[in-house]
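A short write-up of the structure that comes next.
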Amino acid sequence: MAGSSLFQMRVVHLDLKGAPPKVSYLSEVFPLFRALGANALLMEYEDMFPYEGRLKLLRAQHAYSPSEVRAILHLARQHGLEVIPLLQTFGHMEFVLKHGAFAHLREVALFPSTLNPHEPESLALVGAMVDQVMELHQGARWLHIGCDEVYYLGEGEASKQWLQQEQNSAATLCLSHMRAVASHVRARHPDTTPLVWDDMLRDMPEGLLEESGVPQLVEPVLWDYRADLDVPSKVVLMEKFRACGFPRLWAASAFKGATGAHQALTPAEHHLRNQLQWLEAVQAGPAGALQGIVLTGWQRYDHFAVLCELLPVAIPTLAICLQSLLHGSFSEEAKATVQSCLGVSSLDLTDFTREGACSFPGSDILALVTQVGLHLRSSVEALLDGNRCVWFAQVRDGLVQPLPPQAKGHPPSHGTTHPA
């Protein structure tokens, strides 16, 4: 394995809130991830975590058991993959706030996406979730606490009253909750550093960030999944965050789930260009600023969205992305490693099944989805007659209901740039 990667940590994101893999499948793909250049995993459990006690209602019916989580962690260690758990603690809280027991903690009563930061019970709830996750991840060096796309923040009644005070703003409200959650993590788990998505911090003034104390508590993850990523603006953002006092930064690219809410086949060329742009950014930015990169693989754009590309479908794209990050480009050496790991004699970025059957774990799923996605697309479109629904917003009486009409101007997700 080449040792010259510009990113010390190459983290594969497993989004478990849709089509979560069985432990038996993970036992097959973990060694493949390692062989391709990954050395860590970002595990976004959402409702797949085996919460206990009052939090047990957060579990999906098919959630992992504690023994299964321990088995996953053992497999990861066995194959040299450090595990970073991810737990949403502010926005994207639908899997929690959809339940009647916690609905009173919504920032806006109609929408279950954002937690009300004014309620003391909100921090107690998040703290209990953090502690249960950390109980099964003792020794984890990092915990990702989410905090991206906190929609409707400031629109709740308590927030509106709070914002009437001259010194208060939506930015200070956001930083206050972020600081409270991060402080809980630091106090209860002193060897664990919180990570946060960077989007809520990007436009905040440097002075406000510096005065908040947040830079001493968390490490931001700068995400951008575009093929035409703006390298100069990323360099400016890195310099800003470093000037504010954040000691370490991370990058986040995507290997799937970032090009359409109902995408079935992964556009490898798009994701390859995204990795190459990040390689340019890390070279142009402050030396040593980015200690790692998370290759995100979104499975749903949020809790109420339909599935996008399945993990097995995106394995070839992940292979190309990891090897490109490891070698600094998609070189002939990188291409040869991808072909060997996937079990193909030659590689076509536009059609992984064109040259015959692959032999990686889940390749049969890729073949089936390709058949449906390419060869039966016209039939499926005719059947749907152009009508498809990709988002739902509420669960009532055990039934998922479409987004209410009054919410359509402010959808409960982020478009195609950051799925969840």
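Hydrogens, waters and symmetry mates play no part in the numbers below; they use all other heavy atoms, side chains included.
Here the straight-line distance linking atom CE of Met204 with atom OG of Ser212 works out to 8.0 Å at 0.5 Å rounding. Leu14 contributes atom CG, which lies 10.0 Å from atom CD of Gln299 (distance to the nearest 0.5 angstrom). To the nearest 0.5 angstrom, Leu322 atom CG is 12.0 Å from Phe7 atom CZ. Separating the SG atom in Cys174 from the CG atom in Leu201 is a distance of 6.5 Å, to the nearest 0.5 Å. Taken from CD1 in Ile320 to CG in Leu342, the straight-line distance is 7.5 Å, to the nearest 0.5 Å.
Using cut-offs of 30° and 60° on the angle between ring planes, the pair Tyr225 and Trp298 is tilted. In this structure, Phe49 and Tyr45 have perpendicular ring planes: the angle between them is above 60°, well past the 30° mark.
A cation-pi contact, defined as under 6.0 Å to the ring centre and within 45° of the axis, links Arg202 to Trp223.
Taking the centre of each ring, Trp197 and Trp250 stay at or above the 6.0 Å mark. In this structure, the ring of Phe255 has its center no less than 6.0 angstrom from the ring center of His271.
Closest non-hydrogen pair, Cys308 versus Gly257, comes out as SG-CA, 3.8 Å. Of all non-hydrogen atoms in Val218 and Ala182, the two that sit nearest each other are CG1-CB, 3.6 Å. When all heavy atoms of Ala35 and Cys341 are compared, the pair lying nearest together is CB-SG, 4.3 Å. Shortest non-hydrogen contact noted between Pro21 and Leu26 is CB-CD2, 3.8 Å. Nearest heavy atoms, His177 versus Thr89: NE2-O, 2.9 Å. Residues Leu153 and Ala170 approach most closely at CD2-O, 3.8 Å, considering heavy atoms.
Salt bridge Arg59/Glu52: present, at least one basic N to carboxylate O contact under 4.0 Å. Using a cutoff of 4.0 Å between basic side-chain nitrogens and carboxylate oxygens, Glu239 and Arg242 are not scored as salt-bridged. Ion pairing between Glu82 and Arg141 holds under the 4.0 Å rule for side-chain N and carboxylate O. Using a 4.0 Å cut-off between charged nitrogen and carboxylate oxygen, Asp224 and Lys234 count as a salt-bridge pair. Using a cutoff of 4.0 Å between basic side-chain nitrogens and carboxylate oxygens, Arg54 and Glu121 are scored as salt-bridged. Using a cut-off of 4.0 Å between Lys/Arg side-chain N and Asp/Glu carboxylate O, Lys256 and Glu309 are scored as not salt-bridged. With respect to Asp131 and Arg188, a salt bridge is recorded, a charged nitrogen being found less than 4.0 Å from a carboxylate O.
No side-chain donor-acceptor contact under 3.5 Å links Thr172 to the backbone of Asn168. Looking only at distances, no side-chain donor or acceptor of Ser331 sits under 3.5 Å from a matching main-chain atom of His327. Listed for the Glu68 side chain is a donor-acceptor partner under 3.5 Å among the backbone atoms of Ser65. For Asp47 (side chain) and Phe95 (main-chain N/O), no donor-acceptor pair under 3.5 Å exists by modelled atom type. A donor-acceptor distance shorter than 3.5 angstrom exists from the side chain of Asn39 to the backbone of Arg10, with no hydrogens or angles considered.
Within 6.0 Å of CD on Glu166 lie no more than 12 heavy atoms contributed by other residues, nucleotides or ligands. The environment of His74 atom NE2 is sparse: at most 12 non-hydrogen atoms of other residues, nucleotides or ligands sit within 6.0 angstrom.
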